[in-house]
Amino acid sequence: MAIERTFSIIKPNAVAKNAIGAIYARFEAAGFKIIAAKMMHLTKEQAEGFYAEHKERPFFGELVNFMTSGPIMVQVLEGENAVTRHRDLMGATNPDNALAGTLRADYADSFTANAVHGSDAVESAQREIAYFFTDNEICPRS
Ligand code: RTP
Ligand code: MG
């Protein structure tokens, strides 16, 4: 198994319900190392840039409004097969379809306010990590 890095966001609805610590505990219990982290309140421009791939989609405006509605936590997770394992831990995008025990089953409020984001491929992880973190903000350890 390859050691990978993936990019994670704890979205505004999960921060608002005071679930940062509980979600970090789930990351660590699943074997991920948190190797970079910070709290941010995204501007409209930052959110639009991050979700640029979705800009023609009907939900884009609602997504940007939601993602700028309050603070978020952004982090880099490292571990074996991290991209796929983190997506599995999050559960389905639509929380109605998220399996019991996944983060979205436990913390999502709606399709838009679905608690967490995770990169969908190694290439998008690299792009998303670079969007939010400089090299010297990433602290890998053995
Ligand atoms: P994410 O990027 O946040 O990890 O979620 P994802 O890959 O599972 O879903 P994606 O297709 O990339 O969509 C990004 C986010 O947009 C919102 N969304 N709303 N109402 C809708 O039809 C709809 N579809 C997507 C969700 O917040 C989703 O996480
Ligand atoms: Mg996505």
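All values derive from a computational prediction rather than experimental measurement. In listed order, ligands and their atoms are each counted from 1.
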- Task: Using the six-membered ring of F132, assess whether NZ or CZ of K38 lies under 6.0 Å from its centre and within 45 degrees of the ring axis.
- Result: no
- Item | Verdict with reasoning, K33 to E78, per salt bridge (Lys or Arg N to Asp or Glu O under 4.0 Å) | CA-CA 5 Å; K33 289 179 179 167; E78 187 173 75; 5.8 Å; no
- For atom 9 (O) of ligand 1, find the nearest protein heavy atom and state the residue, atom name and distance (0.1 Å precision). T93 CG2, 3.4 Å
- Which protein heavy atom lies closest to atom 17 (C) of ligand 1, and at what distance to 0.1 Å? L63 CD1, 3.8 Å
- Note on the structure: For atom 27 (O) of ligand 1, the closest protein heavy atom turns out to be T112 O, 2.9 Å
- Query: Are Q75 and I10 side-chain neighbours, meaning at least one heavy-atom pair lies under 4.5 Å?
  - Reply: yes
- Query: Can you list the ligand 1 atoms lying under 4.0 Å from a non-hydrogen atom of N114?
  - Reply: 26 (C), 27 (O), 28 (C), 29 (O)
Under 3.5 Å, which donor-acceptor pairs do the side chains of residues 93-102 form with other protein atoms, sequence neighbours left out?
from : atom 1 : to   : atom 2 : distance (Å)
N94  : OD1    : D96  : N      : 2.9
T102 : OG1    : L99  : O      : 2.7
T102 : OG1    : A105 : N      : 3.3

- Item | Nearest non-hydrogen protein atom, atom 2 (O) of ligand 1 | H117 ND1, 2.9 Å
- Polar side chain donor-acceptor pair, Q46 to Y131, under 3.5 angstrom: no
- Query: With side chains defined as the heavy atoms from C-beta onward, is the minimum distance between M90 and H86 less than 4.5 Å?
  - Reply: yes
- Item | Salt bridge E48-K44, side-chain N to carboxylate O under 4.0 Å | yes
- Query: In terms of residue, atom name and distance, what is the protein heavy atom nearest to atom 3 (O) of ligand 1?
  - Reply: K11 NZ, 2.9 Å
- Message: Could you tell me, atom by atom, which parts of ligand 1 come under 4.0 Å of a heavy atom of G118?
- Response: 4 (O)
- Query: At a non-hydrogen distance cut-off of under 4.0 Å, which region of H86 contacts ligand 1 (side chain, backbone, both, or neither)?
  - Reply: neither
- Query: When you measure from atom 10 (P) of ligand 1 to every protein heavy atom, which one gives the shortest distance, and what is it?
  - Reply: H54 NE2, 3.6 Å
- Task: Please name the residue in the list K17, R104, K11 that meets the side-chain hydrogen bond (donor to acceptor under 3.5 Å, both in side chains) test with D109.
- Result: K17
- Task: Considering only non-hydrogen protein atoms, determine which one is nearest to atom 5 (O) of ligand 1 and report residue, atom name and distance to 0.1 Å.
- Result: R104 NH2, 3.2 Å
- The answer for which part of Y51 has a heavy atom under 4.0 Å from ligand 1 is side chain
- R57 heavy atom under 4.0 Å from ligand 1: no
- Task: Determine whether more than 12 heavy atoms belonging to other residues, nucleotides or ligands lie under 6.0 Å from atom NZ of K55.
- Result: no
- Message: Give me the residue, atom name and distance of the protein heavy atom closest to atom 26 (C) of ligand 1.
- Response: F111 O, 3.3 Å
